[in-house]
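Structure first, then comments.
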Amino acid sequence: MIRKIEELLKRSGIPVFGYAKTEGIKIYGEIEPLPFAISFGMVLSRSILMTITDRPSLIYKHHYRTVNNYLDQVGLRLTELLEVSGYQALPIPASQIIDWENQFGHLSHREIARRAGLGWIGRSGLLIHPKYRAAVRFATVLTDLELPGGKELPFGCGDCFRCLEACPAQAITEDGVDLRKCYQKLREFAKIRGIGQYICGVCIKACL
Ligand code: SF4
Ligand code: SF4
């Protein structure tokens, strides 16, 4: 079954994936947890990230939506594969926030990816992949298919503080990320003509 999953992911052009146990993961909203998770991610375009200044660009907004949509399509295909093979599967959308102020989705894709050994949680609060840095968007499929856990990576930001300097909300400090300050800035950005969405991207670009 794992071979079939990996074939599907590779055929779908997914460059980053791994497996994790979900024990102890916080789940929000109407869903029931399943014990294992497939974490998979697409890499954002470097050229598009370079169009971000101290605010999101219109082309980044479109790219962000396209990548999230593609991840959701892959989640659907994984779910179908698991369910026709007799397993339970629950695809968690790449970007569906259910509590904006605290920035919670149904679960933390980055915590699942961290447990899967795909990176560490950086000073920006984002999952930092050793090669693609913060430029990976993740989605998750929960399942009852028994999957091996990943080898967690140690914190690797070292003496880099670029995202602290770049954040237009001064939301990132050595003590963590002030989600309320970040959220206020995202609200401001959403009012920019043509953006209309709570996105930023500045700390992703800073990490490249
Ligand atoms: S998303 Fe933007 S405002 Fe929020 S922490 Fe990152 S750089 Fe700062
Ligand atoms: S920009 Fe530097 S400090 Fe911030 S998350 Fe990336 S590696 Fe860590």
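Since this is a predicted model, take the numbers as computed values, not measurements. As the structure lists them, so they are numbered: ligands from 1, and atoms in each ligand from 1. Atom set for the values below is all heavy atoms of this structure, side chains included, hydrogens, waters and symmetry mates excluded.
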Heavy-atom check, side chain of [X] versus side chain of [Y], under 4.5 Å:
X: Asn69; Y: Val67; answer: no
X: Leu58; Y: Ile195; answer: yes
X: Leu90; Y: Val141; answer: no
X: Ile172; Y: Cys203; answer: yes
X: Leu208; Y: Arg46; answer: yes

Inset, instruction - Determine, for Glu6 against Arg3, whether the closest basic-nitrogen to carboxylate-oxygen distance falls under 4.0 angstrom. - result: no

Inset, instruction - Could you tell me whether Arg114 and Glu152 have a side-chain N and a carboxylate O separated by less than 4.0 Å? - result: yes

Inset, instruction - Give the total of protein N/O/S atoms at a distance below 2.8 Å from atom 2 (Fe) of ligand 1. - result: 1

Would you mind running through ligand 2 and noting each atom that sits below 4.0 Å from a heavy atom of [X]?
X: Cys163; answer: 1 (S), 3 (S), 4 (Fe), 5 (S)
X: Ser124; answer: 5 (S)
X: Arg133; answer: 7 (S)

Legend entry - Closest protein heavy atom (residue, atom, distance) for atom 3 (S) of ligand 2: Cys160 O, 3.0 Å

Legend entry - Closest protein heavy atom (residue, atom, distance) for atom 6 (Fe) of ligand 2: Cys207 SG, 2.3 Å

Legend entry - Ile172 neighbourhood, listing ligand 1 atoms whose heavy-atom distance to it stays under 4.0 Å: 5 (S)

Inset, instruction - With sequence neighbours left out, write down each residue that passes side chain to side chain donor-acceptor pair (under 3.5 Å) with Ser95, or none if nothing qualifies. - result: Tyr64

Legend entry - Non-hydrogen atom of Ala134 closer than 4.0 Å to ligand 2: no

Inset, instruction - Flag Cys157 as yes if one of its N/O/S atoms falls below 2.8 Å of atom 8 (Fe) of ligand 2, otherwise no. - result: yes

Legend entry - Expected output: side-chain His109 to main-chain Phe40 donor-acceptor under 3.5 Å: no

Legend entry - ligand 2 versus Ile128: contacting region, heavy-atom distance under 4.0 Å: side chain

Inset, instruction - Before giving the answer on side chain to side chain contact (heavy atoms under 4.5 Å, CB included), spell out for Glu174 and Phe161 the whole-Å C-alpha distance, their side-chain angles and the decisive distance to 0.1 Å. - result: CA-CA 9 Å; Glu174 288 200 57; Phe161 293 90; 3.7 Å; yes

